[in-house]
Structures are given as C-alpha cells and as structure tokens.
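All remarks here apply to the structure that follows.
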Amino acid sequence: MKKKTGVKPSMSVMQNRKVLEQTFFARPAVKVARELLGKHLVRRIGKTELAAMITEVEAYVGPHDLACHARFGRTPRTEVMYGAAGHWYVYLCYGIHWMLNVVTDAEDWPAAVLVRAAGEFIGPGKLTKGLKIGQRLNTLPATPSTGLWVEDRGIRVPRIQVERTPRIGIDYAGEWKHELFRFVLNA
DNA sequence: GCAGTGATCATA
DNA sequence: ATGATCACTGCC
C-alpha cells in the first residue's frame with residue numbers, strides 16, 4: 001500500500017541528513033566556523049520544521065581574543081562558553097536582538113561561533129527573529145530534542161565560494177579586530 | 001548618520 | 001542603585 005504523501009524528487013537531497021554531533025563542535029572555533037558554512041540550521045517548533053543553510057558565521061576563539069565575551073573571564077553570562085561544545089550561547093544585544101552562538105573547542109576553553117545568516121534570514125538579529133530563537137535556548141545542547149540543531153545535508157562548499165573578512169561590530173578589540181574570523185558563503 | 005532598547009557587569 | 005557598554009537594525 002502506497003503512502004498518501006508521495007516523496008517528491010526534491011526529497012532525494014533530504015535523504016542525506018546527518019545531525020552534527022558534539023565532536024564536530026569540540027574543535028577550534030575557526031575550523032568549526034568555516035565548516036558550518038553549507039550546513040543546515042534546523043528549527044522545530046511543534047510539528048513545524050524549518051531548515052536554513054548557514055551562509056555567514058564568525059569565530060570567537062578564546063579568552064585572549066579581545067572581541068570574545070570571555071575576555072573578562074567567567075561571569076554568569078559567559079559560563080556556558082566554558083562548558084561542553086555543541087551547546088547554544090544565546091544573548092541579547094543592544095536590548096533588542098538575540099544572537100545565536102554555538103559553543104566550540106575544549107571544555108574550560110571559552111570559544112564560540114556566531115551564526116549570522118542562514119537561508120533567507122540575513123543578519124544575526126533577523127535570523128533569531130525568523131527562527132524564533134530566544135533566551136530559552138541558551139545553554140541547551142544543539143540536538144533535535146531542544147528543537148534547534150545542525151545537520152549535514154551533503155552540501156559541499158568549494159573554497160572559491162568562501163570569503164574571509166574581519167568580524168563585524170568589534171572595533172574595540174584592538175589588534176583582534178583585524179583577524180579574518182568571519183566566513184561568508186557566496187553564491 | 002544615529003536612536004532605540006534592556007541585559008550585563010563593575011562600582012558603591 | 002547607577003552608569004557604561006554593547007558580536008544590531010531600520011529609519012532619517
């Protein structure tokens with residue numbers, strides 16, 4: 001007996017869905033950032049599932065990185081960055097916009113990758129607004145059980161399409177503002 | 001070019 | 001309790 005909902009040809013690309021595990025995130029932030037390009041950020045709210053391909057990220061590499069929130073050490077807010085990789089770090093910026101980061105690198109090494117754009121959601125504030133991401137996800141793991149996770153859907157990103165630039169909005173960061181820690185996936 | 005907006009953190 | 005500081009956005 002045939003199922004009512006037929007599988008469309010476009011679904012063939014969906015067959016390759018691999019949820020990124022903690023081991024993917026437990027590596028240096030710059031490497032994780034680069035490799036997140038082309039991966040899919042997946043959001044489930046109730047029965048609705050929305051996926052958006054990640055196209056812009058920034059790496060914040062540790063306490064010595066003068067642009068990283070952990071540059072002042074452990075505080076209640078930065079505590080999550082000191083924890084295990086693969087957990088969400090979500091904070092409010094300028095009193096209006098939620099910023100979505102995923103913790104990277106080793107435990108007790110505070111580093112993270114900011115997800116700035118995915119799919120139609122261009123800009124870190126628009127991304128969280130579009131995917132209904134807020135404070136509730138802060139400190140939760142990037143697993144399907146939390147409703148927000150990352151999948152490898154088999155997209156390969158050629159180096160020629162990857163642009164590296166300094167990070168946005170960190171003019172205060174001294175020499176670190178010049179580091180090419182922002183990665184953009186161009187069409 | 002810059003106002004809006006509120007959590008966070010240091011200072012007290 | 002108060003003040004400075006923001007990993008932004010949208011409108012002027």
Side-chain angles (χ1 to χ4, degrees), chain A residues 20 24-41 43 50 52-106 108-142 146 148-150 162-186:
Chain A
L20 295 189
F24 176 91
F25 300 102
R27 299 180 295 148
V30 170
K31 201 173 182 79
V32 173
R34 163 64 182 81
E35 292 184 25
L36 275 175
L37 293 179
K39 301 296 191 293
H40 285 256
L41 187 63
R43 180 77 167 117
L50 196 52
M53 190 178 72
I54 296 170
T55 57
E56 183 185 350
V57 293
E58 284 176 3
Y60 291 84
V61 302
H64 59 308
D65 176 358
L66 297 181
C68 184
H69 284 169
R71 64 190 179 279
F72 299 125
R74 276 183 197 261
T75 67
R77 183 173 68 157
T78 61
E79 188 64 29
V80 61
M81 298 180 80
Y82 288 82
H87 287 67
W88 300 116
Y89 167 38
V90 182
Y91 72 93
L92 188 65
C93 184
Y94 298 108
I96 305 173
H97 310 287
W98 293 100
M99 300 286 116
L100 175 67
N101 303 250
V102 61
V103 175
T104 66
D105 220 302
D108 288 322
W109 183 263
V113 171
L114 169 67
V115 184
R116 298 184 54 92
E120 68 194 281
F121 310 109
I122 315 296
K126 292 176 177 173
L127 173 72
T128 54
K129 187 181 178 192
L131 294 179
K132 294 184 165 46
I133 292 164
Q135 193 172 42
R136 294 202 330 277
L137 281 159
N138 189 37
T139 76
L140 297 183
T146 65
L148 185 66
W149 67 99
V150 185
V162 177
E163 184 182 356
R164 280 189 75 154
T165 81
R167 293 167 290 183
I168 305 295
I170 53 148
D171 284 349
Y172 58 83
E175 292 308 303
W176 287 85
K177 74 178 172 188
H178 305 300
E179 293 287 348
L180 302 177
F181 287 170
R182 173 171 173 257
F183 296 84
V184 181
L185 172 56
N186 293 313

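The structure presented is a predicted model; accordingly, all values stated were derived computationally and were not measured. Proteins get letters first, then strands, A, B, ... in listed order; numbering begins at 1 in each.
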At 4.0 Å (heavy atoms only), tell me whether [X] reaches a base, stays on the sugar-phosphate, or touches nothing.
{"X": "A:Leu114", "result": "base"}
{"X": "A:Arg167", "result": "nothing"}
{"X": "A:Tyr91", "result": "base"}

Is it true that A:Glu163 and A:Arg182 make a salt bridge, defined as a side-chain N closer than 4.0 Å to a carboxylate O?
no
N or O in side chain of [X] less than 4.0 angstrom from [N] OP1/OP2:
{"X": "A:Tyr89", "N": "C:dA7", "result": "no"}
{"X": "A:Lys126", "N": "C:dG10", "result": "yes"}
{"X": "A:Arg116", "N": "C:dC8", "result": "yes"}

Walk me through whether A:Trp149 and A:His40 qualify under ring-ring contact (aromatic ring centres under 6.0 Å, His included).
CA-CA 8 Å; A:Trp149 67 99; A:His40 285 256; over 10 Å; no
Where do N or O atoms of nucleotides 2-5 of chain B meet protein N or O atoms at under 3.5 Å, pair by pair?
unit_1	atom_1	unit_2	atom_2	d
B:dT5	O2	A:Tyr94	O	2.3

Are any side-chain N or O atoms of A:Arg43 and backbone N or O atoms of A:Lys132, one a donor and one an acceptor, separated by less than 3.5 Å?
yes
Is a side-chain N or O of A:Thr78 found less than 3.5 angstrom from the main chain of A:Gly73, in a donor-acceptor match?
yes
Give a yes or no on this: more than 12 heavy atoms of other residues, nucleotides or ligands lie within 6.0 Å of atom CZ of A:Arg164.
yes
Can you tell me how far P of C:dA7 sits from CD of A:Glu56, to the nearest Å?
16 Å
Could you please name the option among B:dG6, C:dA7, B:dT8 that lies closest to any side-chain atom of A:Arg77?
B:dT8
Do A:Leu131 and A:Phe121 come close enough that some side-chain heavy atom pair is under 4.5 Å?
yes
A:Thr104 and A:Val61, any side-chain heavy atoms less than 4.5 Å apart
no
With pairs taken as Watson-Crick or G-U wobble and both distances under 3.5 angstrom, which stems of at least three consecutive pairs involve DNA chain B?
B:1-4 with C:8-11, B:6-11 with C:1-6
Given the side-chain rings of A:Phe25 and A:His87, with only the six-membered ring counted for Trp, is the space between their centroids under 6.0 Å?
no
